[in-house]
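Note that the structure is predicted; figures quoted are calculated from it, not measured. Atom set for the values below is all heavy atoms of this structure, side chains included, hydrogens, waters and symmetry mates excluded.
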Amino acid sequence: MEGSLVFVHGTGVREGLEDTLKKVRAGVKTLPLSPTSVFGPEWGKEIGPADLDVTPILPTSSESTRAAADGEAPDDHATEVATWGLLIDDPLLELRLLAAAPPAETDLVVDEDSAEVELQQLLDDAEVAPTALDAAGVGDEDLRSAIAFVRDSEALLGAVQAVGEASDEELLDSVAQAVVATVLHAQRTAVPPRLSPVALSGEQRAAFVESVYVALSEALTRSFFTRGIWKTLGPLAVRIGNAKVRENRAKIMDPFSDFIRDVAFYIRRGDRVREHLAKFISDLPANGPVVVVGHSLGGIAMVDLMSGDNAPHVDLLVTVGSQAPYLYLLDSLVSMRPDSDPPSHPFTPWLNIYSPADFLSFRAAPAFPGVDGIVDEEVDAGVPFPESHSAYWSHEETYSLIGQHWP
């Protein structure tokens with residue numbers, strides 16, 4: 001396979017462009033395409049807007065306004081994603097729910113202190129396989145820190161007292177979930193946030209939870225059991241989503257603020273962005289087809305550039321987690337207007353990749369009815385927002401779709 005792939009970054013990527021490019025260059029090896037044929041113009045660093053902190057202007061959260069949202073029961077996948085959204089915010093939540101549950105009826109006389117000591121010893125002795133740590137992108141020191149946090153928590157004490165047995169499978173599973181959630185919480189709140197494989201893939205996260213569970217139980221397999229707490233927590237996670245958004249508005253606003261900042265800049269200074277990208281693409285060495293992949297705002301800029309006059313030569317446009325269709329319907333693009341006569345016609349062929357969990361992604365084809373050459377494809381990493389907005393580059397399916405449409 002010959003050609004050049006131009007990665008145009010967007011919201012929240014400029015600070016970690018090199019890390020993202022490493023993932024893209026690793027991913028394109030499956031096409032196959034030489035990593036040296038992947039380019040990434042740093043338009044945000046060179047001409048983009050400054051960082052934005054909206055925390056001082058946000059209203060104070062009001063507990064009295066919290067309310068559960070009504071709606072249809074979510075499917076298992078949506079429930080799991082929503083549940084992990086809560087656990088990453090509050091890693092000890094599931095243990096506290098276990099602690100609040102009534103103890104199981106049993107004829108055994110249980111020494112709660114001994115059970116607590118036994119479980120703490122299991123945590124102290126837990127050794128996760130190095131291969132599992134490498135696959136998850138988690139350092140041993142980070143794992144030990146997460147284990148210590150869970151080990152010394154009041155939530156663990158309450159959970160083991162309610163359950164009564166340190167070897168209880170549901171308790172050990174909840175402890176493993178809490179440890180992994182603590183790791184993910186630390187990664188999310190780091191400055192800048194860390195996006196390791198375990199944060200960007202539901203499959204990697206599940207595998208890492210299993211590795212921690214095995215380390216705790218010293219068993220290779222576990223029997224099936226009913227996750228009563230998980231069944232309770234899942235629907236709860238979906239229903240109180242609005243309340244969590246309100247309570248954690250400053251943190252959740254970060255990716256939206258980045259998006260709003262960049263879009264506001266683009267609307268006012270988009271000509272500079274388009275000129276920068278057009279020159280970069282035009283100056284590429286002749287090496288076969290040119291495929292441009294625009295992420296987030298990068299996709300907006302490329303749709304606008306390629307659908308207008310004086311567009312550079314490009315053989316395939318790919319947008320990933322992009323808001324171009326949304327801005328088109330808002331009449332905020334220069335090259336196309338939703339009420340034009342004759343109707344606007346975007347550049348094609350156009351492959352648009354989105355995720356249901358990425359609140360900054362949209363489908364493109366419905367915005368341009370009757371236009372051939374627009375293909376919408378879903379890539380769901382199984383992780384909550386905002387990690388879902390950056391998770392595309394850690395999944396082979398993204399590169400497989402690009403390869404399938406390669407000119």
Side-chain angles (χ1 to χ4, degrees), residues 3-14 16-17 20-21 23-25 27-28 33 37-48 255 258-259 262-263 265-267 269-282 284 289-308 311-328 332-336 346-355 358 360-365 367-368 373-377 379 388-393 395 398-399 401-403 405-407:
S4 300
L5 186 149
V6 181
F7 175 77
V8 182
H9 74 76
T11 303
V13 173
R14 73 189 69 179
L17 178 59
T20 303
L21 281 175
K23 294 177 182 177
V24 174
R25 289 183 175 120
V28 299
L33 181 71
S37 298
V38 177
F39 305 89
E42 298 186 76
W43 72 264
K45 181 178 179 180
E46 297 181 20
I47 60 174
D258 288 342
F259 164 64
D262 285 357
V263 167
F265 173 84
Y266 180 77
I267 291 174
R269 304 285 187 264
D271 53 342
R272 293 177 58 195
V273 178
R274 292 189 297 275
E275 289 172 6
H276 183 90
L277 295 175
K279 183 179 186 306
F280 185 93
I281 295 170
S282 298
L284 288 173
V290 176
V291 174
V292 176
V293 180
H295 179 227
S296 194
L297 181 62
I300 295 175
M302 287 311 308
V303 168
D304 213 3
L305 171 62
M306 297 308 304
S307 302
H313 174 76
V314 168
D315 297 283
L316 171 67
L317 172 62
V318 182
T319 53
V320 181
S322 180
Q323 309 82 35
Y326 181 58
L327 262 69
Y328 166 71
S332 296
L333 299 181
V334 172
S335 62
M336 299 181 289
F347 173 87
T348 56
W350 175 8
L351 169 64
N352 178 62
I353 299 174
Y354 68 95
S355 168
D358 177 10
L360 295 179
S361 70
F362 297 85
R363 293 188 300 156
F368 301 94
I374 304 176
V375 178
D376 290 315
E377 294 283 2
V379 173
S388 57
H389 190 55
S390 301
Y392 302 98
W393 315 115
H395 288 268
T398 299
Y399 306 102
L401 288 169
I402 294 173
H405 291 268
W406 195 272

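Of all non-hydrogen atoms in Tyr328 and Ala367, the two that sit nearest each other are CE2-O, 3.4 Å. Of all the heavy atoms in Tyr392 and Val379, the pair that sits closest is CE2-O, 4.0 Å. Minimum heavy-atom separation, Ala324 to Val303: CB-CG2, 3.8 Å. Between Leu277 and Pro41, the shortest heavy-atom contact is CD2-CG, 3.9 Å. Between Ser361 and Ser355, the shortest heavy-atom distance links the atoms OG-O, 3.0 Å. Summarising the geometry of Val291 relative to Pro407, their closest heavy-atom pair is CG2-CD, 3.7 Å, with the distance given to 0.1 Å.
Looking only at distances, no side-chain donor or acceptor of Arg274 sits under 3.5 Å from a matching main-chain atom of Asp304. A donor-acceptor pair under 3.5 Å links the side-chain atoms of Ser307 to the main chain of Phe347, judged by distance alone. With hydrogens and angles ignored, the 3.5 Å screen pairs a side-chain donor or acceptor of His295 with a backbone N or O of His389.
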TODO: Start with the C-alpha distance between Phe280 and Val292, add both sets of side-chain angles, then the distance that settles side-chain contact (heavy atoms from CB on, under 4.5 Å), and finish with yes or no.
DONE: CA-CA 11 Å; Phe280 185 93; Val292 176; over 6 Å; no
Item checked: side-chain contact (heavy atoms from CB on, under 4.5 Å) between His9 and Thr20, worked out -> CA-CA 9 Å; His9 74 76; Thr20 303; over 6 Å; no
Between Met336 and Phe368, is the side-chain contact (heavy atoms from CB on, under 4.5 Å) condition met? List the steps. CA-CA 11 Å; Met336 299 181 289; Phe368 301 94; 3.9 Å; yes
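A side chain to side chain contact (heavy atoms under 4.5 Å, CB included) with Val6 is found for exactly one of Leu284, Val293, Val38, namely Leu284. Shown are Val375, Ile374, Leu316; of these, the side chain to side chain contact (heavy atoms under 4.5 Å, CB included) with Thr348 is made only by Ile374.
Atom CG of Leu305 and atom CG of Leu317 lie 9.5 Å apart (nearest 0.5 Å). Considering CD of Gln323 and OG of Ser332, their distance stands at 12.0 Å, rounded to 0.5 Å. In this structure, the separation between CD1 on Ile353 and CG on Asp376 is 10.0 Å, given to the nearest 0.5 Å. Here Glu275 contributes atom CD and Arg269 contributes atom CZ; the two are 12.5 Å apart, rounded to the nearest 0.5 Å. For the atom pair CD of Glu377 and CZ of Arg363, the computed distance is 12.0 Å after rounding to the nearest 0.5 Å.
Contacts of Ser4 classified as side-chain hydrogen bond (donor to acceptor under 3.5 Å, both in side chains), with partners at least two apart in sequence or in another chain: none. Scanning for side-chain hydrogen bond (donor to acceptor under 3.5 Å, both in side chains) contacts around Ser322 gives an empty result, with sequence neighbours left out.
Side-chain atoms of Met302 and Ile281, non-hydrogen and from C-beta on, do get closer than 4.5 Å to each other. Leu297 has its side chain within reach of Trp43: a pair of non-hydrogen atoms, C-beta onward, lies under 4.5 Å apart. The closest side-chain heavy-atom distance from Leu5 to Trp406 is below 4.5 Å.
Two rings, from Phe7 and Trp393, have their centers less than 6.0 Å apart.
Ring-plane geometry between Phe362 and Tyr326 is classed as parallel, the angle between the planes falling under 30 degrees on a 0 to 90 degree scale with a further cut at 60.
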